[in-house]
Structure formats: C-alpha cells, structure tokens
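So the structure is just underneath, and the comments pick up after that.
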Amino acid sequence: MLGFLKNPVVVTAEINVNLVVLTVMGLISRLWGLSYPRAVVFDEVYYGQFVSLYMKRIFFVDDSGPPFGHMLLALGGYLGGFDGNFLWNRIGAEYSMNVPVWSLRLLPALAGALCIPLAYQILVELQFSHCAALGGALLILLENSLITQSRFMLLESILIFFILLAVLSYLKFYNLQRHSSFSASWWVWLLLTGVACSCAVGVKYMGLFTYMLLLAIAGLHFWHMLGNQNLSNVGGATCKIYCVSLLCHFLARGLALIIIPMAMYLSFFYVHLTLLYRSGPHDQIMTSAFQASLEGGLARITQGQPLEVAYGSQITLRNVLGKPMQCWLHSHTNTYPIRYENGRGSSHQQQVTCYPFKDVNNWWIVKDPGMQQLVVSNPPRPVRHGHIVQLVHGITTRYLNTHDVAAPLSPHSQEVSCYIDYNVSMPAQNLWRVEIVNRESDTDVWKTILSEVRFVHVNTSAVLKLSGASLPEWGYRQLEVVGEKLSKGYHQSMVWNVEEHRYGKSQEQKEREVELHSPTQMDISKNLSFMAKFTELQWKILTLKNEDTEHKYSSSALDWITMDTNIAYWLHPTSGAQIHLLGNVLTWASANVAAVIYVCLSLWYLVRRRRKIYDIPEDAWQLWVSAGEICVGGWAVNYLPFFLMEKTLFLYHYLPALTFQILLIPIVLQHLSDYLCRSLLPKTMFRALIVAWFSSVYLVYSTFSPVTYGEPSLSVAELKDLRWKDSWNILIRK
C-alpha cells in the first residue's frame, strides 16, 4: 500500500532563463527610485483627481475613456492606504505625507516591466529565433519613452501591457490550434485573448484599435479553415463531423472574442457605479434620474417626492439637454423690453428664461384648464400623455404663454412669456399638451424625474424649447426659452423632466409661497437600473467634449514618427533636474527604417511571386506575412486613426504604435541575415554591424537617462548638449 513512498517525489520544471533575466531587468529599470520625484508629474495632476474621488466614493465622469484604468490606479492608492485627501491643482506640487507615492505608481511600473517578457514571447510565438526575441525585448527595455511613461501614475503602460498580452494570447492559441484544438490550454489562451482585449479597451478606447485588428486576423484565420482542402474534401459522416467542428470553432471564437469582452466591459462600469455612489461635482451633467440615484446632492433634495404628477402639483422643470449648462424653466417679475436694440418690438410681457441655479422662481404649478383650484385633489388626478394643462408660475401666478411674436434672440421662433393682460387685442394662449417622449403606451402617467416630456402649444403647435442663447443685461444673462415649430424636428433641447415635485395644498397665494420654500416629505423610491445608468454614462463619455485648447506640449501625429517633439514632465524647483518624455532616438529611427524595409521587401516578393518566382521558402513567406499582420498592422491601427481625430494630441499617444514598430526591427534583421546574407563573410559582417548598432542604442539610452529618471541633476551645458533637435524644449534655468 505504501510502496510509492520508497521513491522520492520529484517535480521537474523548465525555466526559460532569458525570460527570468528580462523580467528582473525590466522590474529594476521601472521600479528603481519609483517614489522620486515626490511631486506631481505632468498628467498625475489629472488622474490623481479621479483616484481621490474613488477613495471618497464620489461620482465622476471622464470623457477620455472607460473607468477600468482609473480603477487600477485607485487600487494602488487603496493598497497604500490613501485617504484621497490631496489637492491635485498644480504640476510640480509636493506630495503630502498621506499620499503613498510608491503605491500609486506601482501598477503602471509593473505593467511597463512585464511588457518586456511579453515582447520576447510574442517574437518566439511568431516563430522567430530566441536571439531575435531577446533583441526585441532589450529594445523595449532600453526605450527611454516607455520607461518614463511607466514610472508615473499614467495609463499608457497599462494599456500597452494588455495590448501585448492580447496579442501573445492569440498567437499561443493559434499555434496550439494545429495539433490540440479544444484542449484546456487552447481554451485558456483563447479566453485570455478576449479578457486582455476587454481590459485594453477598458483602460483607454485606443485599445479598441488592437482589438479590431485581432478580430480581423481571427476572422481571416477562420476563413482559411473553411478553405482547408484536407478538411473540406471529405464525404458522408466525416463531412458532418467537419461541419460540426467548424461550428464549434466559430462559436468558441464568438464566445471568447465578442461575448466575454462585452460582458467584462459592462462589469467595469458595474464596479465603477457601485463604488461611486455619492454625489459630486460631475453629476450635474447627468439627468435628474441619474442624479437622484446618488447619495447626497439631488437625492437629498428629491428623496420622498411623489412619483406621479397630478393637477395641482408644484414642480420644477429641468431641460434634458444640459447644454450649454443645466438649467430650469424660470420666470421673474421683469418684462421683455418694449423694443430690442435691433428695433424689433416685443409683447412686453413677463420674461420666461432657463436659469442655471436652484431658485424659488423655478417653481410652476400644473393646473387643469377646466378648474380654478391650484391644489391637488383627494385622491390626486394624475396627468397623462396627451392631457392639456396650464403651467402657472408659482410666485407671480402668471400663466406660461406663447404667441406669434418673435423671440428676442431667435426671431424665427416664438417668444415665450408669462401672460400679462394689458387689455389689448392680444388674448392669452396658455394651453399646453403634455407629450411623454419616453412613454411605453399612450396612457402613461407623467412621472417625476423618470418621464421626459415635451410641451406642445395647443394654439400654434410650437414646442417649448431651450435655444441656448444668453440674453442681454435686461434678461440677467439667463438662457433664452422659445416656442419652436414641431415641423423643424426633434431635439433634446425640446425635452424637459420634473426634478423637484410636491403636491400643492395651499390655495391662498401667501401660504403657497411659504409652501414653495419648504422641503417635501413623502416616500417614493426612484432608483435607476444598472443598464439605464450604464447607457446614460456611456453616452455622456462618448459625446461629452471638453474644450480642447492648445497645449504647450501638444503635437501633431506627423511630429511623432521622427520625434520632433517632447514633453517636459517635471522640473526640480531649485536644481536643473528634470524629466522629459523623450524616446531613444536611434531606436525610433531604426523602427522607421525597419518599417520601410518591410514594406519594400513585401512588395518585391509579391511582384516576384506573381511571376512565379519564389525568392524565399513558402514557410518563411508565411512567417513574414504573419509578422507583418501583427507588427505593421499593430503600428498602422494604433497610429493612422490619429490623423482623423479632432482632439489635443501628445507624444505619448504614439507609444502603443511605437511598441509594435520596435518589434519589427529584430524581425527584419533576422530576415536580412537569413535570406540576403547567404555566405559566411556577409553574415559575419552583418552581425558585427548589429552588435555595433545595439551598443549605440545602449549609449543613447544611457545619455538620456538623466532626463528619463530625473537623476542626476545636469548642468546648463549638459542640458544644452541633450538638445539634439531644435524643436525639443529642454528646460534651462536662468
């Protein structure tokens, strides 16, 4: 029974020393002196704000992309015990003692370090030699720009890590497919491809470029499976097995590369919204329903409001568009000028505007045109889609009105006012039809916060609309509200929702004014579902645009290829120590040359193959094409889209594309050595040139290390010597 104990239990493992050494070197290069400088470095001033908001559970919207990358940075702060208390208002500001600088910068640094062994493995999986793979990894190791970007609380190194992980996982999956389809390892690498792709997209939308590239490559490989003669020239039962196998391959890829990434993408937002449950400065751009779902803020004001709007309800109406700013339908005792500056006349009736602040003059009463009372009956009579109402201004008791008079700033639209009877031939036109835009049926009840409604004027068919124009001094710079003809189409500026709501109880005006100033006290819950909140937040991220201003260090995509630009990340307050985003000039130039050589050789081979002349073996040609799909394709999809983008661009946007281009260098070098240097002497000379070139790459890396790590401090003369291009902005302290 115990015979197996006579022999020792032996566990054997294969250790790739190259991988271990590269990983250790990567960790040293990225983690060394990570807490230096103990000051805010460039975009840390931007991402740090979001980390603090995560620590305090305060909701925010970042239009730069999804929340996964921000959550990873916040995880570093959480692990370091950060409480979120730091004012991120200035680049170069010294961190207080409560800020765990090392912990906040740890995850980007680890991601940057792990990109080096990933690069090695990608080249190995592309069937190139370990020597070429080692060379590619060392080029990533010695790339100054990648080092700089990975040593601070920034997202590019994390993005590149997930991009490379996705590429490696797909290559491993594809190579396993030839001999062990549907094995455990096959599934692991296929699923990991989808997971890594979703993480890349979740960090920054730039990850979508590589994701689409891998989807295209996977589709191309599946297309080749359909045309595999060894599989398709079968009959009978074997053909059925082949068809079932193809279907399983298709479903497996669909599950791993589409369904799982979509589910993970949703999960990022689920965690984000679960963590950030408190109201903050950013939630004002969201709808009232979204704001009411957050703790504090609007939720504190609207908690317990009646759900159904009834005749006699006292309400405030918020415009759904929220641009140029959130505002509420408003009126005050001032009237429109008899004549405007351009000579046009007005009705001289009470002004109606959209006011961007909470105010008692934002309250309106929903009145039944057939009754005089301004209180809610018992039981309440709810207002439904299609009902005719009058809107009475709560403080002045005048009726919302529009007529065939030109609006003050939008002469092609109708003026909206609160009607004053001047005993002239201008009767009141104050009937409005309630149209619930997001209704489920034509009998839907008008609901607080949830219903989005249009008010259609009964007499003229004009729709109550926020024009967005700012009125002159006589209108206190408030926003213009007009009556817009329905025939001009639908727009969110025509849609309103009830934000604050109470059931009116006081018929007397003085008692009603006191009532309008008092809080509501009823219990109705209006929590949004996750999908409703996700849809709204996703739409805001995609459509919200901050005003792009010209930045001192912004650049164009054309500047990146030749590195005609740089970014000063940090300057020591007293010495000449500074950190710049600058790449290894020789590596960048070599990457460009490698790309040109690859394209030229590929065109040459294609022309020759068209003429049935095969300069290289078929397997070498397939490797060459596969390498181009990944490296040249990866460079193209991560670089060319920036020519179509209308946003402020910086040099760091080029780093994902650069990484793929660097991987192309050892591929081209090995190809030249194997197929163009055919005799011993040319091979020897070529290898000697490679050694000399690689030594030069290290020399350039070493030369620029002081502005990569910020140490040691350089003299004015040394800083001037580093200005290899006139377009570089090396900071010289006078």
Side-chain angles (χ1 to χ4, degrees), residues 43-86 88 99-112 114-115 149-163 165-166 192 194-208 210-211 260-283 286 290 293-295 530-531 533-542 544 652 656:
D43 271 355
E44 285 187 337
V45 74
Y46 178 74
Y47 293 113
Q49 300 176 48
F50 302 133
V51 172
S52 287
L53 291 173
Y54 270 116
M55 297 300 104
K56 297 178 180 180
R57 303 293 190 266
I58 295 175
F59 174 78
F60 67 85
V61 179
D62 178 20
D63 64 335
S64 68
F68 183 55
H70 300 79
M71 288 193 289
L72 290 177
L73 296 179
L75 176 61
Y78 175 78
L79 295 175
F82 184 39
D83 57 8
N85 292 319
F86 182 77
W88 307 88
V99 181
V101 181
W102 190 87
S103 178
L104 285 169
R105 295 173 177 170
L106 176 61
L107 288 179
L110 286 176
L114 293 176
C115 287
Q149 199 69 15
S150 64
R151 286 174 50 80
F152 302 107
M153 190 172 46
L154 308 171
L155 292 180
E156 276 66 33
S157 62
I158 300 175
L159 171 65
I160 294 171
F161 167 76
F162 283 119
I163 285 174
L165 179 61
L192 187 57
V195 169
C197 285
S198 62
C199 289
V201 176
V203 171
K204 277 195 168 187
Y205 283 128
M206 286 173 60
L208 190 63
T210 304
Y211 177 41
I260 289 179
M262 289 176 62
M264 286 197 63
Y265 184 78
L266 285 173
S267 72
F268 299 150
F269 281 87
Y270 182 82
V271 175
H272 175 75
L273 292 170
T274 301
L275 291 174
L276 306 183
Y277 58 87
R278 291 176 178 157
S279 173
H282 290 199
D283 59 320
M286 311 303 289
F290 195 104
S293 69
L294 300 172
E295 180 182 294
F530 162 69
M531 285 307 299
K533 294 174 74 174
F534 163 75
T535 303
E536 181 177 342
L537 179 56
Q538 179 66 86
W539 179 249
K540 289 293 183 184
I541 291 174
L542 294 176
L544 181 66
Y652 56 72

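Each residue takes its place number in the sequence, starting with 1. In this text the structure is predicted, and so the values were computed from the model without any measurement.
You'll find the ring centres of Y265 and F269 inside the 6.0 Å limit. Ring centroid separation for the pair H272 and F534 does not come in under the 6.0 Å cut-off.
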Checklist entry - Are M286 and V61 close enough, and set up right, to give a side chain to side chain contact (heavy atoms under 4.5 Å, CB included), and what steps lead you there? => result CA-CA 9 Å; M286 311 303 289; V61 179; 4.0 Å; yes
Starting from the C-alpha separation in whole Å, work towards a yes-or-no answer on side chain to side chain contact (heavy atoms under 4.5 Å, CB included) for L72 and L155. CA-CA 9 Å; L72 290 177; L155 292 180; over 6 Å; no
| task | Under the side chain to side chain contact (heavy atoms under 4.5 Å, CB included) rule, what do L275 and R57 come out as? Steps first, then yes or no, please. | result | CA-CA 6 Å; L275 291 174; R57 303 293 190 266; 4.3 Å; yes
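Applying the side chain to side chain contact (heavy atoms under 4.5 Å, CB included) test between L107 and each of L79, L75, L73 identifies L75 as the sole match.
Between L104 and F152, the closest side-chain pair of non-hydrogen atoms is not below 4.5 Å. Within the 4.5 Å cutoff, the side chain of F82 has heavy atoms near those of the S52 side chain. The shortest distance between side-chain heavy atoms of S64 and K204 does not fall below 4.5 Å. Contact of the Y652 side chain with the D43 side chain is registered, since non-hydrogen atoms from C-beta on lie closer than 4.5 Å. When side chains are defined from C-beta on, V201 does not count as touching F268, because their heavy atoms never get closer than 4.5 Å. Inter-residue side-chain proximity for P656 and T210 is flagged as unmet; no heavy-atom pair is nearer than 4.5 Å.
Not one N or O on the side chain of E295 forms a donor-acceptor pair closer than 3.5 Å with the backbone of Y277. S103 contributes a side-chain N or O that, together with a main-chain N or O of G76, makes up a donor-acceptor pair within less than 3.5 Å.
Heavy-atom neighbours of W102 CH2 from other residues, nucleotides or ligands within 6.0 Å: at or below the threshold of 12. Counting heavy-atom neighbours within 6.0 Å of Y78 OH, excluding the residue itself, gives a total of 12 or less.
Below 30°, between 30° and 60°, or above 60°: for F50 and H282 the angle between ring planes is above 60°, a perpendicular geometry.
Between the side chains of Y47 and D62, no donor-acceptor pair is found at a separation under 3.5 Å.
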